[in-house]
Amino acid sequence: MQIYEELKARGLIAQVTDEEEIRELVNNGKAVFYIGFDPTADSLHVGHFMALCLMKRLQMAGNRPIALIGGGTGMVGDPSGRTDMRQMMTTETIQHNCDCFKKQMERFIEFGPDKAIMVNNAGWLMKLNYIELLREVGACFSVNNMLRAECYKQRMEKGLSFLEFNYMIMQSYDFYHMFQTLGCNMQFGGDDQWSNMLGGTELIRRKLGKDAYAMTITLLMNSEGKKMGKTAKGAVWLDPNKTTPFEFYQYWRNVGDADVLKCIRMLTFLPLEEIDAMDKWEGSQLNRAKEILAYELTKLVHGKEEAEKAQETARGLFAGGGSAEHMPSTELPAGKFEDGKIGAIALLVACGLCPSNGEARRLIQQGGMMVNDQKVTDIAASFDQADFLKEGIIIKKGKKVFHRAFIK
RNA sequence: GGGGGAAUUCCAGAGCGGUCAAAUGGGGCAGACUGUAAAUCUGUUGUCACUGACUUCGGUGGUUCGAAUCCACCUUCCCCCA
């Protein structure tokens, strides 16, 4: 099976400008493609991860990837799929985020001569002259068409600033620029980027009379139509300091039944035959599939060792008997103890399991706190400092949140 | 440039002088049921020293015994006309 067919079978392809041409280029390793990443945070998240996987897949098939870091476009802010304007970021934040992105990407993709290229669009966008740009590029865009674009539609009700309106032009210019300087003939991106990407192919056609191609990756949605990779606390990050490998593992271990196979197909590198075999699984058997999904992804993102630790920890906690060594933990400073004891409420707050005393109190009253497998029923309960030595104690909040607290 | 409207707790959205820590829904958290799933049901959801006190309703002042509610100014946003 060739790469294009594989991508299709995995359900990764959402929209393409010219299927025949793209298939031809990609399958023969003739594509020089780019994917842009705007530095909106100091870590990549699951959405970016999909794009990186796609890069890797295509690179393995002999194509050349360009990872574009949006140091310039980040200054503008993409309005696609948003109902409000992004917070404007300072130049320093953008620079910091770019650096973080770069480090993380290097773990997935091989960069170097004849391998993948990494560029930052700040390099050319920041130098643009307004009037020149308007005459050269602005003349090629129809405002009428732009206003019809899907990515701005949502903003028509709430308001769209001129700053953001220009985002499409910046992104189009990127493609145009790299088409000429790097021979980049294809752009990939999330499906929400479709209209921005078409802007680029259109610009190339008008300015240079040449064809360039665009393809979007299916957005990872759960069966309820919500974007995956988000939790109540925010995105699922790839940075182990922001989302620990254990939490990362747990996120995937807990996806809904209806979504497991789709995730495995889209996100892992397991052979399709193997995945098709799993397709027949149902009911509690799917738990096995979820374990595979969680393990595979953790392995890709954090390495084999971390994946095994996370799996071992999860199995231990939920099935009983395993090691608790790798679960999230907190070292309690001696100051938290009074007369060698710490109260249950204070303990929950100190570990970050509850944001306030009130919430901690409620949790205990509702029977949601366990310490070393003993339910805590009294909000006035306290624990001896000595119990926290060595392994410490294991606190369980609700059914799924485990935390170890210890002192040195 | 002219006219009109709006800003409420995580979100949406009621409240329009005291009975408001503020209806209702969503989300979150917890409990029951389960397969670490979904659905369902129940409780809970400002802070603290929690049968009590304190701080909240865009901002700043003012009226009043008393303001989320009335007035003035400011800020932001939306709509209509140009």
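Every chain is numbered from 1 and lettered A, B, ... according to where its sequence line falls, protein lines coming before strand lines.
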Open item on the list: With a 3.5 Å limit on both atom pairs, tell me what B:rG1 is paired to, counting Watson-Crick and G-U wobble, or say none.
Closed with: B:rC81

Task: Donor/acceptor link under 3.5 angstrom from A:Q366 side chain onto base of B:rG31 - done: no

Task: Length of the line joining A:M369:CE and B:rG31:P, which is rounded to integer Å - done: 13 Å

Task: Stepwise salt bridge (Lys or Arg N to Asp or Glu O under 4.0 Å) check, A:R315 with A:E312 - done: CA-CA 5 Å; A:R315 279 181 180 166; A:E312 201 185 311; over 6 Å; no

Task: Minimum side-chain heavy-atom gap A:H45-A:L238 below 4.5 Å - done: no

- [ ] Identify the nucleotide, in any strand shown, that forms a Watson-Crick or G-U wobble pair with B:rU64, with both distances under 3.5 Å; if there is none, say none.
- [x] none

TODO: Quote, to the nearest angstrom, the C1' distance that separates B:rC70 from B:rG17.
DONE: 8 Å

Open item on the list: Looking only at the side chain of A:K290 (C-beta and beyond, no hydrogens), which of the listed nucleotides B:rU36, B:rA37, B:rC29 gets closest?
Closed with: B:rA37

- [ ] For nucleotides B:rA21 and B:rA14, find the distance between their C1' atoms and express it as a whole number of Å.
- [x] 15 Å

- [ ] In whole angstrom, give the distance that lies between atom CG of A:L261 and atom C1' of B:rA37.
- [x] 13 Å

Task: Nearest-angstrom distance, C1' atom, B:rC79 to B:rU60 - done: 27 Å

Open item on the list: Output the rounded distance in Å from CD1 (A:I379) to P (B:rC50).
Closed with: 8 Å

Open item on the list: Would B:rU51 be called syn or anti here, given the cut-off of 90° from 0?
Closed with: syn

- [ ] Would you confirm whether the ring centroid of A:Y34 sits within less than 6.0 angstrom of the ring centroid of A:F175?
- [x] yes

TODO: Using whole Å, report how far NZ of A:K400 lies from P of B:rG35.
DONE: 14 Å

Open item on the list: Can you tell me if A:N287 touches the phosphate of B:rA37, counting only side-chain N or O atoms and a distance under 4.0 Å to OP1 or OP2?
Closed with: no

TODO: Any pair with a residue in residues 116-142 of chain A that passes salt bridge (Lys or Arg N to Asp or Glu O under 4.0 Å), sequence neighbours left out, goes on the list, sorted by first then second residue, please.
DONE: none

Open item on the list: Can you confirm whether A:K103 sits close enough to A:C100 that some side-chain heavy atom of one is under 4.5 Å from a side-chain heavy atom of the other?
Closed with: no

- [ ] Quick one: look up who B:rU69 pairs with, Watson-Crick or G-U, both distances under 3.5 Å, and put none if it's unpaired.
- [x] none

Open item on the list: Is the shortest side-chain heavy-atom distance between A:L203 and A:L208 below 4.5 Å?
Closed with: no

Open item on the list: Does the structure show a Watson-Crick or G-U wobble partner for B:rU44, both distances under 3.5 Å? Name it, or say none.
Closed with: B:rG28

TODO: Indicate, with a heavy-atom threshold strictly under 4.0 Å, whether A:V255 touches base, sugar-phosphate, or nothing.
DONE: sugar-phosphate

Task: d(CZ, A:R362; P, B:rU44) in whole Å - done: 10 Å

Task: Pairwise P distance for B:rA68 and B:rU75, with rounding to whole Å - done: 24 Å

- [ ] For A:G398 and for A:E359, find the nucleotide of RNA chain B with the closest heavy atom, then tell me which residue's nucleotide is more 5'.
- [x] A:G398

Task: Complementary nucleotide of B:rU76, counting Watson-Crick and G-U pairs under 3.5 Å - done: B:rA6

Open item on the list: Tell me the interatomic distance from A:I292, atom CD1, to B:rG35, atom P, rounded to whole angstroms.
Closed with: 20 Å

Open item on the list: Using whole Å, what does the distance between atom P of nucleotide B:rU44 and atom CG of A:N357 come to?
Closed with: 20 Å

Task: Pairing partner (Watson-Crick or G-U wobble, both distances under 3.5 angstrom) of B:rU51 - done: none

TODO: Measure the distance from NZ on A:K399 to C1' on B:rA38 and round it to the nearest whole Å.
DONE: 13 Å

